[in-house]
Structures are given as structure tokens and as C-alpha cells.
Amino acid sequence: MPATCVIGLQWGDEAKGKIVDLLSADFEMVVRYQGGANAGHTVVIDGKKYAVSLVPSGIFHPGVQCIITGGAVIHPPRLLDEIKRLRSQGIEVGSNLLISDRAHVIFPWHTETERVHDALRCPEKSIGTTMRGIGPCYQDKAGRQQAIRIGDLYRSNLKERIAEIATEKNMMLAALSNGSPFTPLDADAIYQEFSGYAKELEPYIGDSTKILLDAIDEDRRILFEGAQGALLDIDHGTFPFVTSSNSSGAGISSGSGVPGKRLDKIIGVLKAYNTRVGGGPFPTELDNELGDQIRTQGNEFGTVTGRPRRCGWFDAVAARYSARVSGADCLAISLLDVLSGLPEVSICTAYDIRGKKVTDFPSHVDDLADAKPILETVPGWDVDLTKMRSAEELPASAMDYLKRLEDCIGRPIEIVSVGPDREQTMFLTSSYA
Ligand code: IMP
């Protein structure tokens, strides 16, 4: 399919990076269209581990044009570090990376605002963000007056703009600091620093919208890579415990400029269980030894922040909702191998919310917080799946589990991943041959 999208359907960390890397060989372009360095995508090639945060996971395939569009937010020093790290690992990053001049820039005032705001919250109310300045940058994008886009870094009034914004931000930060010691932002130093980054980034900058619209008209093969997951979507996720961009399928068009009707296929990626990092309700959470076992077996620690991920049973109510809201045509199930050794596995097929059985995903976070999972328990399997390469090799109980997920979500599973390496993948249809 010429325009294919890979979207996470849970709270992020679904192993989208692996799926994108796997499919990239078949595409001419791989596009990151929302989020920023809050994402961490891991790719394992021949046993060697690589991590990308903002650079599209297609970068590991020579000849693939990687694009970061205007829907993303960019912290230039982090991006430059990422490029340097990839190069030091022998990965080519040059004209194969294009960065939109429409993307918004994360400045020190964004990370500082996030830190100060977070310190004001009691821990239970904290969103538990990645502290990468993502929310404050998107806030300024929506507010417009204090926003600077990548293209603005090359305008003659940059110094003035930075001075103007830094003055306003200093007033705001001083007020929020409420008398505690506070180091004001130094507009001149920020200007010097960011002018340097602008020079380094210049060779990569372009109009990604035009390039993508031309490519779509020419029927070129484009793979869109979602970051985070649909349940973290600012509009359709578990608000306010979400990220600040449209991380469901809704973000593809707004973030890239490619109209929704030009997209051919959406692949929704789901772990064989659920995880969540940061705050917010999680009805199927296993805050017990079983949860610890899944965390250890799945190495469930954040790629970006190193935080332990909360683990729980597969939530089919949430998955069905996010597959629908993202327009998923089919599914990729990752980390199936992690469940090996459990005598039984459970799937949440409905919620009990204050005594009422509910099968629709609640729109209000308080209802989700009160939701008790109604679980269906099926037999587990006790064999190592990591060396299996085709669905025929899977034990019957693992296959039954997958079939049950398909039934609950109402979409076919086309890809199953049983380990981090490219090789540890099963394709359940011939369309990827
Ligand atoms: P932010 O995106 O840093 O503002 O964080 C908002 C929420 O989204 C927090 O709960 C984060 O832990 C979560 N989050 C952001 N990016 C990711 C990701 O790539 N994977 C998983 N969770 C994420």
C-alpha cells in the first residue's frame, strides 16, 4: 500500500520502532509527524541495539528518505546529539533526513516551565511527563504569540523575538517560583546558542508538506510513523493524563499535511499486554508480583526516562476504542513472548463502573479511574516463542489468545513479534512478502 501508517494503540511503547524498521525496506520515505524527543524507539539489528527519539526509525535503511514534519516539536541540541550518536554507530545521516521548517522549537523556557509547574503539583495529580518541554512547546504553538518555528531560526528578527519572549517568560517563571531562588533566562546566551544550532541544522531543513504532497501525487511509497499511542492523544486519549499532540490516527493529517483520504492502510500496534509510564488510570494494572514478573520479562523500563513501566493485562475495551478512533485496518501484536510461562492469561473485555457493566471506553478520566476490569481468563503457554518464525509454530493456546484479541478488537492480526530483533517476526498474511 503506497501510504501506510504505523500507530500505537495503547499508552505508547508498543514496539512501533521495530515494526517501522521492519517495513521500511519496502518504502521510499518514513515520516515522523507528531511528538518530539519524548518518544524512544528501539531497533535491534543483528543483535545490535539502536535507539532513536526524533529521527524516524527508517534511518537504518540506506536510500530511505526520513522526514520530520511540522507537527513535531524539536529540541535542537537533543536532535543534533541524536544525529551524532547515530553517525558514531555507523548509521548514515545526511541528505536522507529532512526537517520541516514548520516544526516548533523547544527552548529552555519550555523545559523550565515544565519543571516549575510540575513542582507545584502534588505527586498524585502529576501527569508524570518526560520533562522534555513537550507540553509547554505545544502550549505556545496553540497560543501562537510566544512560538518560534524552525523556519524562524533563519529570520533576521530572531534575536528580537527571543528577547521579547524571554522577558515574558522570566516574568511568568518569577511569579511561579513564588520567592524561591530563580535564575532568569539569559536571552542573549539563548540567541547565541540557538543560532549555532540553526547553522548545524540548516542542511536538513525543507518544506516537508510540499515534498509529501508531491510524493503522494506520484504514488510514492510512504510510511508514517506514529509516536506515543492513541490513549495518550490530547483529544481522544485519557485526558489530562496524555501527551500534547494527536498521537492517535488523528495526527497523521494535521501533522504531515497529507489528507486522510490519501492514506491507504493503518497498522495498529499493540503489546500482548498493557503498560503505562507516568500517571493516570490503568484499569487492568497488576500492581503485584505478576505485574513485576511481566515488567522483568518484558524489560519494561522507559527508553527515554528509564522509569519502570506499570504493567497489566491486555485491555480489549481500550484497544477496540483506539483501533476505531485511529482507523486501524489491521493489527501488529508485539511482545507475545513475554507472556510465556504464565499458567493463565487474562483479557479485559468490559469494565464494571460503579456496578454497571460498560463496554465502551469512558470519555471521562474519573469513570476510567473507577473502572474495575471484567476479565476473561484463558490458558497460557509454557514454551519459549522467541525462536519461532511462523504462526504455525505457535502453541495452540497462544494462537487462541491471538484469535480472541482479534475477535474483541474486530480487526485482523497481520504481524506478530516475539522478540526485539527484525528476525523475530511472523507475518500472518502474504501482503508483506
Ligand atoms: P509528555 O509527552 O512528556 O508531555 O508526557 C505526557 C505523558 O505521556 C506522560 O505520562 C509520559 O510518560 C507519556 N509519554 C510521552 N511519550 C511517551 C512515549 O513515547 N511512550 C510512553 N509514554 C509516553
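For clarity, every value in this text was computed on a predicted model and none was experimentally measured.
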Report task. Please report the C-alpha distance between Ile267 and Leu331 in whole Å, then the side-chain angles of each, then the deciding distance to 0.1 Å, and finally whether the side-chain contact (heavy atoms from CB on, under 4.5 Å) criterion is met. Result -> CA-CA 5 Å; Ile267 304 172; Leu331 308 172; over 6 Å; no

Query raised in the report: Is it true that a side-chain atom of Ser247 and a backbone atom of Gln228 form a donor plus acceptor pair closer than 3.5 Å?
Result: no

Query raised in the report: If you round to the nearest 0.5 Å, how far is SG of Cys137 from CZ of Arg132?
Result: 14.0 Å

Query - Partner residues of Phe194 under the ring pair (Phe, Tyr, Trp, His ring centres under 6.0 Å) criterion, sequence neighbours left out - result: Phe107, Tyr197

Report task. Taking all heavy atoms of Ile409 and all of Arg320, pick out the closest pair and write down the distance. Result -> O-CG, 3.7 Å

Query raised in the report: Passes side chain to side chain donor-acceptor pair (under 3.5 Å), Ser195 versus Lys199? Steps please.
Result: CA-CA 6 Å; Ser195 302; Lys199 265 201 200 86; over 6 Å; no

Report task. Report the C-alpha separation of Ile333 and Ile415 in whole Å, then their side-chain angles, then the decisive distance to 0.1 Å, and conclude whether the side-chain contact (heavy atoms from CB on, under 4.5 Å) test is met. Result -> CA-CA 6 Å; Ile333 301 292; Ile415 302 173; over 6 Å; no

Requested in this report: Would you tell me whether Lys18 and Ser417 have side-chain atoms, one donor and one acceptor, within less than 3.5 Å of each other?
Outcome: yes

Query raised in the report: Taking the side chain from Glu168 and the backbone from Ile165, do they hold a donor-acceptor pair closer than 3.5 Å?
Result: no

Report task. Give a yes or no on whether a salt bridge exists between Asp400 and Lys403, defined as a side-chain N under 4.0 angstrom from a carboxylate O. Result -> no

Query raised in the report: Is any NZ, NE, NH1 or NH2 atom of the basic residue among Arg115 and Glu112 found under 4.0 Å from an Asp or Glu carboxylate oxygen of the other?
Result: yes

**Report entry** Audit row: Val317, Thr349, side-chain contact (heavy atoms from CB on, under 4.5 Å) steps and yes/no
**Finding:** CA-CA 6 Å; Val317 180; Thr349 53; 5.7 Å; no

Report task. Answer yes or no: is there a donor N or O on one side and an acceptor on the other, between the side chain of Tyr351 and the main chain of Phe361, under 3.5 Å? Result -> no

Report task. Kindly write out the residues that satisfy ring pair (Phe, Tyr, Trp, His ring centres under 6.0 Å) with Tyr154, not counting sequence neighbours, or none if the list is empty. Result -> none

Requested in this report: Ignoring hydrogens and angles, tell me if any N or O in the side chain of Arg102 forms a donor-acceptor pair with the backbone of His104 under 3.5 Å.
Outcome: no

Query - Glu300 and Arg295 ion-paired at < 4.0 Å - result: no

**Report entry** Spatial distance of atom CG (Leu270) from atom OG (Ser322) [nearest 0.5 Å]
**Finding:** 6.5 Å

Query - side-chain hydrogen bond (donor to acceptor under 3.5 Å, both in side chains) involving Ser244 - partner list, sequence neighbours excluded - result: none

Report summary line: Distance col, row Ile252:CD1 vs Tyr33:OH, nearest 0.5 angstrom, shows 4.5 Å

**Report entry** From His41 atom NE2 to Ser53 atom OG, the distance as rounded to the nearest 0.5 Å
**Finding:** 8.0 Å

Report task. State whether the side chain of Arg411 and the backbone N or O of Ala328 hold a donor-acceptor pair below 3.5 Å, judged by distance alone. Result -> yes

**Report entry** Qualifying residues under ring pair (Phe, Tyr, Trp, His ring centres under 6.0 Å), relative to Phe27, sequence neighbours excluded
**Finding:** none

Report summary line: The reported gap from CG in Leu232 to CH2 in Trp11 (rounded to nearest 0.5 angstrom) is 8.5 Å

Query raised in the report: Quick one: which of Leu335, Leu342, Asp337 gives a side-chain contact (heavy atoms from CB on, under 4.5 Å) with Leu339?
Result: Leu342

Query - Proximity of Tyr273 and Phe314 rings by center, below 6.0 Å - result: no

**Report entry** Pairs touching residues 83-95 that satisfy side-chain hydrogen bond (donor to acceptor under 3.5 Å, both in side chains), sequence neighbours left out
**Finding:** Arg87-Tyr204

Query raised in the report: Between the side chain of His75 and the main-chain N/O of Val105, is any donor-acceptor distance below 3.5 Å?
Result: no

Query raised in the report: Looking only at atom types and distance, does a side-chain atom of Glu406 sit under 3.5 Å from a main-chain N or O of Leu402, one as donor and one as acceptor?
Result: no

Query raised in the report: From Ser24 OG over to Phe60 CZ, what is the distance, rounded to the nearest 0.5 angstrom?
Result: 9.5 Å

Query raised in the report: Is the shortest distance from a Lys or Arg side-chain nitrogen in Arg309 or Asp13 to a carboxylate oxygen in the other one below 4.0 Å?
Result: yes

**Report entry** Shortest non-hydrogen contact between Leu428 and Ala391, atoms and distance
**Finding:** CD1-CB, 4.0 Å

Query - Side-chain donor or acceptor of Glu225 paired with backbone N/O of Ser57 under 3.5 Å - result: yes

Report task. Answer yes when Glu28 and Arg221 have at least one side-chain N-carboxylate O distance shorter than 4.0 Å, and no when they do not. Result -> no

Query raised in the report: Can we say Arg161 and Asp152 salt-bridge, meaning some charged N sits less than 4.0 Å from an Asp/Glu carboxylate O?
Result: no

Query raised in the report: Is the backbone of Trp313 close enough, under 3.5 Å, to the side chain of Thr284 for a donor and an acceptor to pair up by distance?
Result: yes

**Report entry** Test ring pair (Phe, Tyr, Trp, His ring centres under 6.0 Å) applied to Phe239 - qualifying residues, sequence neighbours left out
**Finding:** none

